[in-house]
Structure formats: structure tokens, C-alpha cells
Amino acid sequence: MIALAAVTSAASAQTVSDALKFGDYNYYGTARSIAMGNAFTALGGDLGSVNINPAGSAVNSFSQITITPNVSFSASKASYCAEPSVNPAFGSAYKNNSTRFTMPNIGAMINFETGRKTGLKNVSFGFVANATSNFIDNTAAAGRNGETSFAGSLAARATGLPFSGLNSSSAYDSYDWLSAVGLQSGIIANYGDGDSDYIGVTEKLYEDNTIQLADDIDQRYGRQAYGNKYDMVFNFGLNFSDKIYFGANLGIISMDYSYDQYFKEFAVNNDSFNIDYDDGNGGIRTAYLDALRYRYAYEASGAGVYGKFGIIAVPVKWLRLGLAFQTPTALRIKEHWQHAGDTYFTDASFNASAQSPRGEYEYKFVSPCRVNAGAAVTFGSFGLLSADYEMSNYSTMKFKEIDTNDNSAFEPVNQDIKDYTGPSHSLRIGTEIRPLPFLGVRAGYNLVTSGERYFDSFGNKQAPKAKRHAVAAGLGFSSKGAFFADLAFRGTFYPKEYIYPYDDYILDGGQVLSYTPEILSKKKVWDVMLTLGFRF
């Protein structure tokens, strides 16, 4: 999977990456459902399964409440290739960890008996909140570069923009925020007789009017992400003769996401990065660069409503079949962002910094529908085996304006969504055995294919070989009374991600002469959760 870093994004510009992030589902739930790989489309009976198939609430003849605390542990390894044009090998991996506490499930389901032996036997009502995404990330990498720099890329980006405009107090009303911060923080500067030519603080202008990196620099990239997406559903279920179960959800999505990124460059030899300034008295003062830092902060929060409908059939005692459909979700998303830059010199009197205003924008995002089917085989009271398939076509996603049907501003990104996304397929498998009446032993596996697409050299649209895997296991205890408890462990293994912290800028026409750094990131997330529940 290829992710372009936030430094390449303009203010309030939505991307395909945003759409995939907001539209993705990584089901959590109760410890039992997670331990069995969330393969519950045909099973039901567990509050973690209500988001997957609403009919699952009608399977049990009792009422229940559950709460599930969870600890998530993210482990990432990132390697840096500073000069892909010279040496495409990645350096040593940097390891980073992050731990956070979440509550992926809380809910209650009330079951009413009609008193009939056939026909409509039970009716269930309930409210369940299950997490469907956990935005956790902590990635960092570093390397030494003698070819390109972030400051140089930013200077190329700003070229053509007027110095008087970028340097004014109203720059953020009219111009690219990243370029304005770069100029006002000293990361780039205007040079020559023109008003729109820029040079990076890490670069040197030679007598032949060429610009190059002054000397080797050390670079460091880092990012952190936090947040969750929850599906809070009001559920209604019906049991017909213990043969057909039907359910419906009114789902409310609540999402919060925070992202912080930085990029730093350090002068290896300060003497090589000398900058001469007019001291205002006819003399020259020389400053020597020590380091620069760029920061980007982004937050998004949203809410939306959808409907989901499901059915479970039991044609024979040992076989269960399930099917569910979730409508597209119209999310209303508000986002905030901010850029900041700093330059540091050996003489601190030359230091400079700048910070943009805090931007705000609100829009609609329509996520795709989801269809899932499942089958389960039961072996009496001893155990069961279940399998699910789920599909979602991400190319149907759209960004929209809120107060008008004029969505022309989103036409480019919506076209990118059609071109560079497609169907994502999920396979979930779970099993449970009961060696003792009060003890359940569980295991599960998930496989999710990427919703991204790319075009090969022949112009054919292809799916990348980027899959998310998860393995899970757990134990369950059920007392003779009302209390039950489940413990689960899950490891999620994300596909490789290639990060480009700034744009290629050393070009000859359309040909890149020197490629900018490439970061290879690998991430794993471990979850340990405990469900406490009561039946009544």
C-alpha cells in the first residue's frame, strides 16, 4: 500500500487515502466474537455479532448485557532509503511502540417471549456499541541524505508564488499554507531579482546559477495517530420457530481521528550551511544552519447514520446460514489542520519559527455498502466451525458539500476514488470447542484484501498484493448462574506501507533525476480484551 505523506496535501484537500481510512471496517466486538475471528454472520447469539448480522440478537432466548475493556499495543518497524537514485537499499529499522486502553464493546439486549411454540417465538430489542476501527500508529525512521532535502522540495513547491504575498499577514487567505509557513519560518527564502524564486535553507546557489544541497544532512520522519470509530446500533430481532431469525439495525457511526507528523533535517557539518545576511549597517553577518523542523497536525471527527438488515436460517439442526446487507453511510465530517515550521542556527539569534492558523472545514462523505454471507456447522454441544465472506466496493465512495449540491470542488478526488479503488474482500473463519460444559476454547482468522488499485504499464487496473491478516484465540467461562466472562487475544498484521515524506523536485522535464526518500513501514497491532457479561 502506498501512502503519500501529509506534507504533500494542500489545506482542506481530501484524498483517496482519507476515503479508504474513513470507509474501512476492522471489526472489534466482544472477546468471544473477536476470538472466533468475528465469523458470526450465521451464528449470532453474541452482542459482538450484532453489527455483523442484526439477526444474531434473536438467536438467544435470554437477555444479556456485556462490557469489554481492551488494551491495544502497536509495534512498528520503519526503514529509511534516503537516496533511492544512488542506493535503493533500506537502512536499519527503527522500532516504535504505542499502548492505549479502549472499550470496544458495551451493550444490552432484552428478549421477550411471545409464548408461542411455533411462528413468532421471541422478539428482541437492544443497544450495542462496537468499535469498527482503532486508529493507532507510532512510526519513525531516519537516514543521511546527500541528494535532496525537504527544504529544497518546499522551495520548488513555492516557486511562482509572490514573495510579497507569502510573507504577508494575509498569506493564509490566498496562498498555499505549507509554502507560507516555509517562507515565514525561514525554511525557504526568496533569492535573486525576481519575486517568485526560492531556495531551501539547506541549499547553496552557485555562480552558474544552479542550486544544490550544500552538504550531507541527517533526516528524521515521524508520525503518530490516535482515535476510534464506533458503530452504535439500535437493534430489533425476530425469532420464527427457531428456524428463521430476522434482524434490523439503525446504526450511528461516531468517529474521531488525530494525526501528528514531523520532518526534521540536521546539518552534518554546520560550516557547509553558511548564509550571509545584511546586518543593516553595510556589513555582513554569517549564520550557520543547525536544523529545521516541519510539523503537521490533523484532526477529523464525524457522525453518520445507516441501516443494516440480516437473516439467519437453520435448514437442518447442524447447519446455519446467514446473510446481511448494510446501506451506504452518509457521514458528516469536520476536520481541523495546522502547519508549523522552525529553523535553528548555531547562533540562536537567527532562529525563526512560524505557525499557520488552525484550519477548519466540514463536508459529507458517503461510505460504501457492505454485503456479508456466512455458514456455520455445529457439532452438538461440543463445538462449531463458522466461515464468513464480506465484500465492499470502495469505488462507490464520494465526498460531497454540505449545504449545496454543487460538488464540483470534489470532482478530482471523486474521480481518483473511481480510478484508484475497487472491491475489498474479507474472509473470516472461527471455531469453538467445549471440552467442559463451562469452558469454551476458541480460535479465529481474518484476511482482508486491499481496496486500493493501480494501473500497470499496460494501462490495466490492478489490485496490489496488500492484505491485512489477523489471528485470534481465546477462552470463555460460563457459570451456572447469570455471570459469564470471555478472554481474547488478537494479532493484526498490516501490509507493507511505502511513505514518501516530500515530493520529487529535481526534474528534467517530466523525468525525475533524483528521487526523494522512501520509507518502508511494517505495523502490527496486538489486542487483549476481557468481556464481562450477565444473562437474565
Side-chain angles (χ1 to χ4, degrees), residues 2-9 78-94 139-160 178-179 182-183 185-192 197-223 261-275 288-294 296 341-345 496-521:
I2 298 176
L4 296 179
V7 295
T8 64
S9 300
S79 303
Y80 204 89
C81 178
E83 302 173 335
S85 303
V86 177
N87 180 8
F90 287 92
S92 300
Y94 282 66
T139 299
R144 180 163 294 185
N145 198 330
E147 277 199 302
T148 69
S149 70
F150 170 75
S153 177
L154 188 52
R157 178 191 182 105
T159 296
L178 176 54
S179 299
L183 179 67
S185 65
I187 294 177
I188 63 174
N190 179 237
Y191 76 94
D197 295 319
Y198 299 92
I199 186 171
V201 70
T202 56
E203 297 180 308
K204 181 174 289 188
L205 177 64
Y206 292 88
E207 292 182 357
D208 62 356
N209 212 36
T210 60
I211 298 175
Q212 294 182 15
L213 188 64
D215 202 349
D216 287 352
I217 54 175
D218 287 330
Q219 298 178 316
R220 183 175 179 86
Y221 167 88
R223 71 182 186 192
Q261 175 184 279
Y262 68 84
F263 194 81
K264 297 180 179 179
E265 294 184 334
F266 304 88
V268 175
N269 179 8
N270 301 110
D271 292 339
S272 299
F273 296 87
N274 57 298
I275 303 173
Y288 297 92
L289 178 69
D290 186 33
L292 67 86
R293 178 180 64 175
Y294 164 74
Y296 176 75
D342 305 276
T343 50
Y344 304 95
F345 295 85
K496 295 177 181 178
E497 180 185 6
Y498 293 90
I499 304 165
Y500 303 92
Y502 52 90
D503 290 336
D504 294 322
Y505 67 97
I506 302 179
L507 312 171
D508 181 9
Q511 181 180 1
V512 180
L513 299 181
S514 293
Y515 289 102
T516 59
E518 186 176 48
I519 301 168
L520 171 59
S521 177

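One finds the CD1 atom of Ile188 at 11.5 Å from the OG1 atom of Thr343 (value rounded to the nearest 0.5 Å). We find the CG-CG distance between Asp197 and Asn209 to be 8.5 Å, quoted to the nearest 0.5 Å. Rounding to the nearest 0.5 angstrom, the gap separating the NZ atom in Lys204 from the CD1 atom in Ile211 is 13.0 Å.
In this model, a donor atom of one side chain and an acceptor atom of the other lie less than 3.5 Å apart for Tyr262 and Arg220. Side-chain contact check for Ser185 and Asp342: no donor-acceptor pair (N or O, by modelled atom type) lies under 3.5 Å. The closest side-chain donor-acceptor pair between Ser179 and Tyr198, if any, does not fall under 3.5 angstrom. Looking only at atom types and distance, the side chain of Glu203 has no donor-acceptor partner in the side chain of Tyr191 under 3.5 Å away.
The minimum heavy-atom distance between Ile187 and Arg293, with the atom names listed, is CD1-O, 4.0 Å. Closest non-hydrogen pair, Leu183 versus Ala189, comes out as CD1-CA, 4.0 Å. Taking both residues in full, the closest heavy atoms of Leu289 and Ala291 are given as CD1-O, 3.6 Å, listed atom of the first, atom of the second, then distance.
Side chains of Ile506 and Glu147 form no contact here, defined as non-hydrogen atoms less than 4.5 Å apart. For the pair Phe150/Pro501, no side-chain contact is recorded, criterion being any heavy-atom separation below 4.5 Å from C-beta on. Ile519 is listed as a side-chain neighbour of Tyr80, based on a closest heavy-atom distance under 4.5 Å. Counting only heavy atoms from C-beta outward, the side chains of Leu520 and Cys81 never approach each other to under 4.5 Å.
Just one residue in the list Asn145, Thr148, Asp504, Asp503 forms a side-chain hydrogen bond (donor to acceptor under 3.5 Å, both in side chains) with Thr516, and that residue is Asp504. Put simply, the residue from Tyr502, Tyr294, Tyr296, Tyr500 that forms a ring pair (Phe, Tyr, Trp, His ring centres under 6.0 Å) with Phe263 is Tyr502. Ser272 pairs with exactly one of Asp216, Asp215, Thr202 by the side-chain hydrogen bond (donor to acceptor under 3.5 Å, both in side chains) rule, that one being Asp215.
A donor-acceptor contact shorter than 3.5 Å links the side chain of Glu83 to the backbone of Gly146. A donor-acceptor pair is defined here as one N or O able to donate and one able to accept, closer than 3.5 Å; no such pair exists between the side chain of Asn274 and the backbone of Tyr288. Between the side chain of Ser85 and the backbone N or O of Tyr515, at least one donor-acceptor pair lies under 3.5 Å. No side-chain donor-acceptor contact under 3.5 Å links Tyr221 to the backbone of Thr139.
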